[in-house]
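To start, the structure itself, in structure tokens.
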Amino acid sequence: MLLFETVREMGHEQVIFCHGKNPDIKAIIAIHDRTLGPAMGATRLFPYVSEEAALKDALRLSRGMTYKAACANIPAGGGKAVIIAHPEQKTPELFRAYGRFIEGLNGRFITGQDVNLTPEDVRSIRKETKYVVGVSEKSGGPAPVTALGVFLGIKAAVESHWESQELKGLKVAIQGLGNVGKNLCHHLHEHGMKLYVTDVDTAKTEEVKQLFGATVVSPKEIYALDVDIFAPCALGGMLNSETIPLLKAGIIAGAANNQLGDEQIHSQMLTQKGITYCPDYVINAGGLINVYNEMIGYNEEKAFQQVHNIYDTLLAIFDIAKQQKITTNDASKQLAEDRIMNAKKSKIPELAA
């Protein structure tokens, strides 16, 4: 990887490499764009196969956060952080050391909870910095709100793809049954949709089977199922040159970040197959909306109205894609970049005539 060239091409403002001993810590903080506000993005802890893989994840996720905030009309920029470690290596001291790095950025980056972090871990970070959200969990945490946003996105996709608002009887394959995936199953089941689920944790699949009458399949089977909707709710990169040819679903709408292995190649492949793809950073914006509202003073009515706007935003993106004959991925980027550009223009003083 050509580091500076990659950062420049993706438009990042700053990338910070954090390291230290006692405790041993390796972390990367990527700040993409702060035009709309301070960079917000959760921190994930993961045993990446290489430091390059960790950097790529941080860069893609932080750029996605910029687009996510812009599409959701949240006055925040995009950032993301990754800690390179195995979950069993977690200690309060590690998170406090990480919190000191966050504090040193003096508010340019505000973080929260992502993969392999718990509310308790976030509270350890909070002991060293005020620039962290999701500590109080006043709203019950981001997972239920994220799942609601994904469900609303599915409704929008069904309306656009089949020109119908009928959900009952539609078949949905859900890949990944973490907090968001499980909550999504609840919404889908309530509306009479048939669930096919998979997860590497058999306890989770058994629970969803008992609660919602879901059919459990193996992780390898999930892609080729004869279903209407495929909902990736696990880690990213699951939509790629190997899996896309297997898909029979007409809609892809899930909570995972970075679902496309390669944004250009694989968004085109989906379009060529006639699949309606809901860009991940649009449909899963509920978590960001939730923590942003906690930060400014939680107002449930306001937060849920912003989450319901995901439905209208996706309908607008589908319309742009159809009218301009572009992918929904490009249409969502266009919407986000237009909003960012307009914000930049409004900050430039008018030149005297």
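Computed over heavy atoms, backbone and side chain alike; hydrogens, waters and symmetry mates excluded.
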Within the structure provided, determine whether [X] and [Y] are in side-chain contact (heavy-atom separation under 4.5 Å).
X: H186; Y: P144; result: no
X: L148; Y: H187; result: yes
X: I154; Y: L188; result: yes
X: T276; Y: F318; result: yes
X: M40; Y: L288; result: yes
X: V172; Y: L184; result: no
X: H12; Y: L59; result: yes
X: T129; Y: R100; result: no

May I ask whether [X] and [Y] are part of the same hydrophobic cluster, defined by side-chain heavy atoms of I, L, V, M, F, W, Y residues being less than 4.5 angstrom apart, directly or through others?
X: L61; Y: I283; result: no
X: I326; Y: L314; result: no
X: M341; Y: M65; result: no
X: Y311; Y: W162; result: yes
X: V122; Y: F109; result: yes

Does the [X] side chain pair with the main chain of [Y], one donor and one acceptor, at a distance under 3.5 Å?
X: E159; Y: E163; result: no
X: E166; Y: K168; result: yes
X: N106; Y: E103; result: no
X: D33; Y: T66; result: no
X: E221; Y: S218; result: yes
X: H161; Y: A157; result: no
X: H266; Y: D262; result: yes
X: E93; Y: N22; result: no
X: S267; Y: T327; result: no
X: N290; Y: G287; result: no

Rounded distance (nearest 0.5 Å) linking atom [atom1] of [X] with atom [atom2] of [Y]:
X: I252; Y: L260; atom1: CD1; atom2: CG; answer: 8.0 Å
X: K220; Y: T198; atom1: NZ; atom2: OG1; answer: 11.5 Å
X: I83; Y: L45; atom1: CD1; atom2: CG; answer: 5.0 Å
X: D201; Y: E206; atom1: CG; atom2: CD; answer: 11.5 Å
X: K333; Y: I317; atom1: NZ; atom2: CD1; answer: 13.0 Å
X: N179; Y: C233; atom1: CG; atom2: SG; answer: 11.5 Å

Tell me whether [X] is salt-bridged to [Y], with the criterion being a basic N under 4.0 Å from an acidic carboxylate O.
X: R108; Y: E13; value: no
X: K26; Y: E51; value: yes
X: D57; Y: R44; value: yes
X: E52; Y: K56; value: yes
X: E120; Y: R126; value: no
X: E207; Y: K204; value: no

Enclosure of [X] [atom1] (heavy-atom neighbours >12, cutoff 6.0 Å):
X: E301; atom1: CD; answer: no
X: K273; atom1: NZ; answer: yes
X: K182; atom1: NZ; answer: no
X: K194; atom1: NZ; answer: no
X: Q89; atom1: CD; answer: yes

Checklist line | G286 versus V307, closest heavy-atom pair with distance | finding: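 Reported closest heavy-atom pair: CA-CG2, 4.3 Å.
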Next item on the list: Measure across L315 and S160 and return the closest heavy-atom pair with its distance rounded to 0.1 Å.
Entry: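 Shortest heavy-atom contact: CD2-CB, 4.4 Å.
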Output side-chain donor-acceptor pairs under 3.5 Å for residues 68-82, partner residues at least two apart or in another chain, one line each.
{"from": "K68", "atom 1": "NZ", "to": "N284", "atom 2": "OD1", "distance (Å)": "2.9"}
{"from": "K80", "atom 1": "NZ", "to": "D114", "atom 2": "OD2", "distance (Å)": "2.8"}

Next item on the list: Run the numbers on I110 and V291 for side-chain contact (heavy atoms from CB on, under 4.5 Å), then give the verdict.
Entry: CA-CA 10 Å; I110 300 168; V291 295; over 6 Å; no
Check: Which pairs count as ring pair (Phe, Tyr, Trp, His ring centres under 6.0 Å) when at least one residue sits in residues 60-102, sequence neighbours excluded?
Finding: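 Those involving residues 60-102 are Y67-Y281.
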Next item on the list: Report the C-alpha distance between V15 and F17 in whole Å, list the side-chain angles of each, state the deciding distance to 0.1 Å, and finish with yes or no for side-chain contact (heavy atoms from CB on, under 4.5 Å).
Entry: CA-CA 7 Å; V15 179; F17 293 85; 3.8 Å; yes
Check: Could you walk me through whether L247 and L239 pass the side-chain contact (heavy atoms from CB on, under 4.5 Å) check?
Finding: CA-CA 9 Å; L247 295 171; L239 300 173; 4.1 Å; yes
Check: Yes or no on side-chain contact (heavy atoms from CB on, under 4.5 Å) for V158 and D228, after CA distance, side-chain angles and deciding distance?
Finding: CA-CA 9 Å; V158 168; D228 303 294; over 6 Å; no
Item checked: Whether Y223 and F230 hold their rings parallel, tilted or perpendicular, with breakpoints at 30° and 60° ->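 Y223 and F230: tilted rings.
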Next item on the list: Could you go through the side-chain hydrogen bond (donor to acceptor under 3.5 Å, both in side chains) check for D121 and T118 one step at a time?
Entry: CA-CA 5 Å; D121 297 331; T118 66; 3.1 Å; yes
Checklist line | Residue pair Q305, N309: steps toward the side-chain hydrogen bond (donor to acceptor under 3.5 Å, both in side chains) verdict | finding: CA-CA 6 Å; Q305 180 55 55; N309 288 342; 3.2 Å; yes
Checklist line | Between H32 and S62: side-chain donor-acceptor atoms closer than 3.5 Å | finding: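 Distance-only check fails for H32 and S62.
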